[in-house]
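A short write-up of the structure that comes next.
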Amino acid sequence: MFFKWRSFRRDVVTCACEPEWPGLRASVDGHEVAGAPSPEGSSPLVLMMGLVAFCAGCGAEYPYGWAVAERR
């Protein structure tokens, strides 16, 4: 199966940083990738791989849609 569905909804945790959500990070096979908020919802890549983003500052789980950020 290609999709990794999360079988339960986690509790929403708010970010403790000022300003909120200064950056997003996720882990893919032990490598850290940067993320960016997405107003259209999570990208197909994020959904297919079952990735979860966390705040780069405080480590809170990001509860909204996001996508892997472009490399600079």
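Just so you know, these numbers use all the heavy atoms, side chains as well, and skip hydrogens, waters and symmetry mates. Quick note: residue numbers are just sequence positions, from 1.
- Heavy atoms only, all atoms of each residue included: V68 and V46 are closest at N-CG2, 4.2 Å.
- At a threshold of 4.5 Å between non-hydrogen side-chain atoms, the residues Y62 and F54 do not count as touching.
- Each salt bridge (charged side-chain N to carboxylate O under 4.0 Å, His left out) pair with one or both residues in residues 33-42, not counting sequence neighbours, would appear here, but there are none.
- Looking at P37 and W66, their side chains never come closer than 4.5 Å, going by heavy atoms from C-beta outward.
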How far apart are the C-alpha atoms of S43 and S38, what are their side-chain angles, what is the distance that settles it, and do they pass the side chain to side chain contact (heavy atoms under 4.5 Å, CB included) test?
-> CA-CA 8 Å; S43 71; S38 176; over 6 Å; no
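- Here the shortest heavy-atom pairing between C17 and C58 reads SG-N, 3.5 Å.
- Residue A26 comes nearest to V52 through the heavy atom pair CB-O, 3.5 Å, listed as atom of the first residue, atom of the second, then distance.
- Remark: A56 engages R25 in a side chain to side chain contact (heavy atoms under 4.5 Å, CB included) (not counting sequence neighbours).
- Remark: E32 CD is packed, more than 12 non-hydrogen atoms of other residues, nucleotides or ligands lying under 6.0 Å away.
- Here the OG1 atom belonging to T14 is positioned 12.5 Å from the CD atom belonging to E61, to the nearest 0.5 angstrom.
- The minimum heavy-atom distance between L24 and A36, with the atom names listed, is CD1-C, 4.0 Å.
- Evaluation of the salt bridge (charged side-chain N to carboxylate O under 4.0 Å, His left out) test over residues 45-55, restricted to residues two or more places apart or in two chains, returns none.
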